[in-house]
There are 2 protein chains.
Amino acid sequence: MTPLKTGSKTDSKTAVKPAQNGAHKAAIRQENEEQILAAAEKVFADYGFKGATTALIAEVANVPKANVHYYFSTKEALYRRIMEDVCDHWLEAAMTFDNSADPAIILRGYIEAKMDLSRARPYGSRLWAHEIIRGAKFSSDYISTTVKNWLDSRVVVIRGWIAEGKMDHIEPYSLMYMIFATTQHYADFGAQIEIFNNDQPLSETQFAEAKENVVRIILKGVGLNG
Amino acid sequence: MTPLKTGSKTDSKTAVKPAQNGAHKAAIRQENEEQILAAAEKVFADYGFKGATTALIAEVANVPKANVHYYFSTKEALYRRIMEDVCDHWLEAAMTFDNSADPAIILRGYIEAKMDLSRARPYGSRLWAHEIIRGAKFSSDYISTTVKNWLDSRVVVIRGWIAEGKMDHIEPYSLMYMIFATTQHYADFGAQIEIFNNDQPLSETQFAEAKENVVRIILKGVGLNG
DNA sequence: ATTTATCTTGACCGTTTGGTCAGGTTAAAA
DNA sequence: TTTTAACCTGACCAAACGGTCAAGATAAAT
């Protein structure tokens, strides 16, 4: 009955978040969905759509398997949801490739953004790799519209730079593929890089150096900043 | 009993290949194994070890599933056999990276060999990609010994070139990763490239141009042939 | 011609798969 | 307090999975 006791009673469990109407239920739903999505991203990134199992996703998410199906009707629905998330993040990085400034600054910014994305979200990159290796069954529409439109518009920008004599006469698609490949390699082939690095993940310093090397080789390679 | 009858009897089936001892049986075995291996390489390249099924491999190989297990005891044995084949081809390409000539010629030769391998054997490259993305569970020993030794020795060679002032001061690992990534991208992400290329596979001409662009960007990027 | 060794395969087995469901618990609304 | 709506989950199912096997077919050796 002392203030202390009353205080401790309503403290940790009950009084944490009385907040708005239905706040607790909503919070439960959000937390569970996030946990399942995070687990699914890892498992799909490791095994691809077909190789992944809902049982393993449930285990990694630390929920019963039936609960996974309570929040996401089917394995495919869960997969599509994660693919959308990955694409959203990809588009964010793509936006750093504007055409308002000096080519070297633009390319540097884009390469660095993609390298940082590989570092921060390797699972998304690996999931994308699975999807494309398999033949882009789920995402061919997205690639042939959204991604292709974005890429083609950047190709036009690069051709403009070439026409203005700002950089070497390089096929822009070859350049963009090289940037895609190299930046994503640090996520997709991270396990191999780690082995080559004496079984140690790349340190922050090592990764920063790698990023700078990639930028320098590509910029100089196309005749920018030379 | 006439020569004719005897002749016709032993004709089409029996006398086709009397050749050496057991030649026919050996030929059957070889053909079936090759058919199964080719099918398995495709299916594993599409779905990875876990996602691939022996039933699909059998279907693609056009043999009953039980026959797959007659020639290859388990799914894992079949997978390992294909991984070995892929590694052998990889080592062949690696051998083009010798240290007997001018750096630009060596690097050009190696990049071209790897590009050609991606073109000729995309399934092998994709299978390797699955393997590494998954965490190199089956091949970590091979990578940490054979491949690492090869890579480290090339890194020494490149450091030599840098010390002699033949090329820019670039971290050799970053350079090699860029070569791995870019060349393999043309196999692993072939589906994506095809979509960007208006749903057409890269023609021989386009591929030759891409190869030349990759060589030029990288060589110039590290200060060779500039 | 007979034996022997290899090749072939439909049928089958135990396990794992994605997905369902009834019956329960918990928290918000009445 | 009662009702209602949302959340939770062990147990279950049909289909697909990797792998086995017995019985037959074929070709080499005797």
Side-chain angles (χ1 to χ4, degrees), chain A residues 10 12-36 39-40 43-44 46-82 138, chain B residues 6 9-37 39-40 43-44 46-82 138:
Chain A
T10 56
S12 64
K13 288 277 164 62
T14 320
V16 160
K17 274 196 177 182
Q20 302 98 335
N21 272 355
H24 189 198
K25 275 276 161 78
I28 286 176
R29 168 167 281 269
Q30 194 188 337
E31 191 188 316
N32 279 332
E33 283 187 353
E34 278 172 10
Q35 222 157 338
I36 292 167
V43 175
F44 281 132
D46 276 352
Y47 297 104
F49 175 73
K50 203 157 176 265
T53 67
T54 55
L56 182 56
I57 291 169
E59 191 191 317
V60 172
N62 216 21
V63 298
K65 197 185 68 165
N67 215 348
V68 172
H69 283 95
Y70 174 74
Y71 285 102
F72 301 93
S73 55
T74 64
K75 184 184 171 183
E76 186 177 325
L78 182 52
Y79 184 79
R80 287 185 184 279
R81 167 64 183 276
I82 290 169
F138 287 93
Chain B
T6 313
K9 195 178 176 185
T10 56
D11 192 273
S12 66
K13 287 280 165 54
T14 319
V16 159
K17 274 196 176 181
Q20 300 98 336
N21 271 354
H24 189 199
K25 274 278 162 73
I28 286 176
R29 167 167 282 269
Q30 195 188 335
E31 192 188 314
N32 279 332
E33 282 187 355
E34 279 171 10
Q35 223 157 335
I36 293 166
L37 284 169
V43 175
F44 282 132
D46 276 351
Y47 299 104
F49 175 73
K50 200 156 178 268
T53 69
T54 55
L56 182 56
I57 291 169
E59 191 190 317
V60 172
N62 216 22
V63 297
K65 198 184 69 166
N67 216 347
V68 172
H69 282 96
Y70 174 73
Y71 285 102
F72 301 93
S73 56
T74 64
K75 182 184 173 185
E76 187 176 324
L78 181 53
Y79 184 80
R80 287 186 183 277
R81 167 66 181 275
I82 291 168
F138 287 93

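We use all heavy atoms of the structure for the numbers below, so side chains are in, but hydrogens, waters and symmetry mates are not.
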Between [N] atom [atom2] and [X] atom [atom1], what is the distance in whole Å?
X	N	atom1	atom2	result
Asn32(B)	dC7(C)	CG	P	9 Å
Phe44(A)	dG18(C)	CZ	C1'	11 Å
Glu33(B)	dT8(C)	CD	P	11 Å
Gln30(B)	dT6(C)	CD	P	17 Å
Ile36(A)	dG18(C)	CD1	P	15 Å
Tyr47(B)	dC17(D)	OH	P	11 Å
His69(B)	dA22(D)	NE2	C1'	17 Å
Leu78(A)	dG19(C)	CG	P	10 Å

Q.
Closest approach to the side chain of Tyr71(A), judged atom by atom: which nucleotide of dT17(C), dC7(D), dG19(D) is it?
A. dC7(D)

Q: Please determine, for the side chain of Thr53(A), which listed nucleotide (dC7(C), dT17(C), dT20(D)) has the closest atom?
A: dT17(C)

Q | Stepwise side-chain contact (heavy atoms from CB on, under 4.5 Å) test for Gln35(A) and Asn32(A) | A | CA-CA 5 Å; Gln35(A) 222 157 338; Asn32(A) 279 332; 4.2 Å; yes

Q.
Are the side chains of Tyr71(B) and Leu37(B) in contact, using a 4.5 Å heavy-atom criterion?
A. no

Please check the phosphate of [N] (OP1 and OP2 only) for any side-chain N or O of [X] closer than 4.0 Å.
X	N	value
Asn67(A)	dG10(D)	no
Arg29(B)	dT6(C)	no
Tyr70(B)	dC7(C)	yes

Pairs under 3.5 angstrom only: tabulate donor-acceptor contacts from the side chains of residues 46-60 of chain B to other protein residues two or more places apart or in another chain.
from	atom 1	to	atom 2	distance (Å)
Lys50(B)	NZ	Gly51(A)	O	3.1
Thr53(B)	OG1	Leu56(B)	N	3.1

Q. In Å, rounded to the nearest 0.5 Å, how long is the span from CZ of Arg80(A) to CD of Glu76(A)?
A. 4.5 Å

Q: Name all residues meeting the side-chain hydrogen bond (donor to acceptor under 3.5 Å, both in side chains) criterion together with Tyr70(A); count only those two or more places apart in sequence or in a different chain, and write none if there are none.
A: none

Q | Residues within residues 54-66 of chain B bordering DNA chain C, heavy-atom distance below 4.0 Å | A | Pro64(B), Ala66(B)

Q.
Classify Ala77(B) by what it touches in the nucleic acid, base, sugar-phosphate, or nothing, heavy-atom distance under 4.0 Å.
A. nothing

